[in-house]
Colleague: 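I'd like to ask you about the structure that follows.
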Number of protein chains: 2
Amino acid sequence: MENKKGNITIYDVAREAGVSMATVSRVVNGNPNVKPATRKKVLDVIQQLGYRPNAVARGLASKKTTTVGVVIPDISNPFNAELTRGIEDIATMYHYNIILCNSDLKPLRELQLIETLLEKQVDGLLFLGSAITEEHRSIFNATPVPVVLAATHDEKNEIPYVNVDNIEAAKTATSVLISEGHKRIGFIGIQLTNSIQGYPRYLGYKKALEQHQLPFDETLIEIGNGRYQSGYEAMKKLLEKDPSISAVFAATDEMAVGAIHAIQDFGRSVPDDVSVMGCNNIPIASQVRPLLSTVSVPLYDIGAVAMRLLTKYMNNEEVETDQVILQFDLELRDSTRIKEWHEGAF
Amino acid sequence: MENKKGNITIYDVAREAGVSMATVSRVVNGNPNVKPATRKKVLDVIQQLGYRPNAVARGLASKKTTTVGVVIPDISNPFNAELTRGIEDIATMYHYNIILCNSDLKPLRELQLIETLLEKQVDGLLFLGSAITEEHRSIFNATPVPVVLAATHDEKNEIPYVNVDNIEAAKTATSVLISEGHKRIGFIGIQLTNSIQGYPRYLGYKKALEQHQLPFDETLIEIGNGRYQSGYEAMKKLLEKDPSISAVFAATDEMAVGAIHAIQDFGRSVPDDVSVMGCNNIPIASQVRPLLSTVSVPLYDIGAVAMRLLTKYMNNEEVETDQVILQFDLELRDSTRIKEWHEGAF
DNA sequence: CTGTTAGCGCTTTCAC
DNA sequence: GTGAAAGCGCTAACAG
């Protein structure tokens, strides 16, 4: 019955059930063109033999692997974990498996991973990371395997993507702070070379300032790597440079929480002395005191929609738009003083 | 050159290079028995044609996929993310790819996923989740594919695993609290049916009490699901039941942080009024005020060691022990008053 | 409804 | 060093 090796194949089942391989294949694949009696007999033999279809052989013969590759910077970052969760759920729903690969945002490694995934004959590819380069684009364009970018974009609009408008998100966040009456608003950003949470959010911050005729001051800017500790350090520097700073917008929640703690450790209170806005709305935003006001980016949805879009491409379904921009939301909690805000309300 | 479809195969390369498929296969696989000149010629053609080996065909022919399956409860839980990170890193190091599957801790789904992974002909399987049942065991025993459990164990010691001693971890955590002089120490646990972070940590808590002749009191026990919110709720109940409670041990850091906030929202101070101990030492433990004292469980290492162990099995290497117990550490920060602790030091 | 027969693209003896 | 040929286990026409 169960054998430690020498796997039993579709051929064994066929022989044992007294039918052809084709019939067994039909039964296994739920093809309706099988007489119920035959089906039952085959099913019994399968059960009895403990037959398990070989997906690799199937993949070779059918040219489909029901597997999608996902390239992701770092799974231990809650931002990506949330995205992945959305991807996973939809993938499961559509019966796809996922090969997950960490790129650490290293361009060379990204390219290698994409190669490997393509070698593995994935039916589709989801790419999360920074904006894609010419090299990515040339691989993506050369392969028949559909690709969707999640929480990333393609400047040339050649590759489909799902994202939010990061400039607008940052602009809104900053505007909230401005509407509280702050004049000197700090910004804790991510390297401007990062074209997702980096540059666009910097730009949004700047735009908000401009729109409200506030001067842009380099000394109010600090750059971190998106994680907690860097936010803490950045805020410390800001506080040292200008102890009178009364508001700060951090490009990520983790950095915002770091900033909150830096402010508190500095002997100041949030939001009484300093207001703090984050961005993304990952779990930690509501696991801190005071609760972090932040821009709610639909991470889960970005992942889910990207995966859904990919399934459409994989099935050659009609697709309206290749570029999907999801709406973000404002989550005003306790690290800012304002509790309501409308575009152009002040 | 690059064609949108009609993939070029090893045969095309062979023809173009004027050699046999076998030779192409040899150079692709780094087999030394190829004349340098031939090798170069083949390599050139590969380059020129943009040939990409088909891993599925290779897998079928060689019966190896260089892929391992990982069954994990929920990637968005930092506990698992950290484990996965360790797995990923070692897998990359040994050139394995990873198929990640979320089980949500649902037994039926777990079993299905294992089936699917086995169908995909993974070379090895990593299982993270709750303790395994007879059903898991029978599948694992029947397959020639090596399996390693990470942060889980097998009561029957039939399946290899990598874990820490959770009873001891909880006992130590509780002992720290006891040594601070607390008499009524609360416990926020996970469902006792969870045989990893649930029952063993409950047991450890109880054992510490016994060892120090402290009475065990049901009213000091609350059960959560391991996540932040449940820890918050649990602590609130504890505070309501016994406002004089002066210490609490939570089975997970997230719950511990929830507890801290519940205590603070209740108008009490940590650790002046109530000491809080967590367990696991996930990032949030050092992203909260006061910094959480906790048991440092080497999550990354558990994943890494489990993966390393699996590679040994996959290569039929000699393995000393099938069961690996890693050491935990005490991370005494600011949510407890004690700053040093030694076994039997009081 | 069922069976026959080609492959899918590659690895792997076994010869030469 | 290199090539010929036999599969790996399954699907997918095509017949019947």
Side-chain angles (χ1 to χ4, degrees), chain A residues 3 5-43 45-46 49-67 116 118-123 144-145, chain B residues 3 5-43 45-46 49-67 116 118-123 144-145:
Chain A
N3 47 352
K5 47 190 315 119
N7 264 302
I8 60 169
T9 73
I10 198 172
Y11 175 77
D12 299 320
V13 177
R15 181 169 34 69
E16 207 66 20
V19 299
S20 72
M21 285 164 54
T23 299
V24 178
S25 176
R26 288 191 187 96
V27 171
V28 169
N29 293 296
N31 184 318
N33 294 119
V34 182
K35 189 164 33 158
T38 314
R39 178 184 305 280
K40 179 169 179 351
K41 187 168 55 183
V42 172
L43 250 18
V45 174
I46 286 178
L49 257 41
Y51 166 68
R52 179 156 39 219
N54 181 326
V56 173
R58 177 185 296 184
L60 184 58
S62 69
K63 297 179 166 305
K64 284 203 186 69
T65 55
T66 58
T67 302
T116 306
L118 256 18
E119 285 183 7
K120 296 230 182 222
Q121 312 299 121
V122 292
D123 293 341
V145 175
Chain B
N3 46 351
K5 49 190 311 119
N7 264 301
I8 61 167
T9 73
I10 198 172
Y11 176 77
D12 300 320
V13 177
R15 182 170 34 70
E16 207 66 22
V19 297
S20 72
M21 285 165 55
T23 299
V24 178
S25 175
R26 287 190 186 97
V27 339
V28 168
N29 293 295
N31 183 319
N33 293 118
V34 182
K35 192 165 28 159
T38 315
R39 177 183 308 280
K40 179 169 180 353
K41 187 170 56 185
V42 172
L43 251 16
V45 174
I46 285 178
L49 257 43
Y51 166 67
R52 180 157 40 219
N54 181 326
V56 173
R58 178 183 295 184
L60 183 57
S62 69
K63 297 182 165 304
K64 285 202 186 67
T65 55
T66 59
T67 301
T116 306
L118 257 16
E119 285 183 6
K120 296 231 181 219
Q121 313 299 118
V122 292
D123 292 340
V145 176

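Naming convention: chains lettered A, B, ... in sequence-line order (proteins, then strands); numbering from 1 in each chain.
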Colleague: Reckon A:Asn33 touches a base, only the sugar-phosphate, or nothing at all at heavy-atom distances under 4.0 Å?
Modeller: base
Colleague: If you look at every heavy atom in A:Met21 and A:Ile10, which pair is closest and at what distance?
Modeller: O-CD1, 3.7 Å
Colleague: With respect to A:Tyr51, which candidate in A:Val28, A:Val42, A:Asn7, A:Asp12 satisfies the side-chain contact (heavy atoms from CB on, under 4.5 Å) definition?
Modeller: A:Val28
Colleague: If you assign A:Val56 and B:Gly18 each to the DNA chain D nucleotide with the nearest heavy atom, which residue ends up on the more 5' nucleotide?
Modeller: B:Gly18
Colleague: Starting from P on C:dC10, measure out to CZ on B:Arg52 and report it in whole angstrom.
Modeller: 12 Å
Colleague: Rounded to the nearest 0.5 Å, how far apart are CD1 of B:Ile8 and CD1 of B:Ile46?
Modeller: 9.0 Å
Colleague: Less than 4.5 Å apart, side chain to side chain, heavy atoms only: is that true for A:Arg58 and B:Val56?
Modeller: no
Colleague: Any N/O pairs under 3.5 Å between the protein and nucleotides 11-14 of chain C? List them or say none.
Modeller:
residue, atom, partner, partner atom, Å
C:dT11, OP1, B:Asn29, OD1, 3.4
C:dT11, OP1, B:Asn29, ND2, 3.1
C:dT11, OP1, B:Arg58, NE, 2.9
C:dT11, OP2, B:Ser25, OG, 2.7

Colleague: B:Thr38 side chain N/O closer than 4.0 Å to the phosphate oxygens (OP1, OP2) of D:dT2?
Modeller: yes
Colleague: How far apart are the closest heavy atoms of A:Ser20 and A:Ala14, and which atoms are they?
Modeller: C-CB, 3.7 Å
Colleague: Any side-chain N or O of A:Thr23 below 4.0 angstrom from OP1/OP2 of C:dG3?
Modeller: yes
Colleague: Whether A:Ser20 contacts C:dG3 is assessed here as follows: a side-chain N or O lying under 4.0 Å from the phosphate OP1 or OP2. Is that the case?
Modeller: yes
Colleague: Mind calculating the distance between CG (A:Leu60) and P (C:dA6) to the nearest angstrom?
Modeller: 18 Å
Colleague: I'd like to check A:Leu43 versus A:Val27 (side-chain heavy atoms, cut-off strictly below 4.5 Å). Are they in contact?
Modeller: yes
Colleague: The side chain of B:Val19 is closest to which nucleotide in this list: C:dC1, D:dG3, D:dC10?
Modeller: D:dG3
Colleague: For the pair made of CD1 in A:Ile46 and P in D:dC10, what is the distance, rounded to whole Å?
Modeller: 10 Å
Colleague: OP1 or OP2 of D:dA12 sitting under 4.0 Å from any side-chain N/O of A:Lys63?
Modeller: no
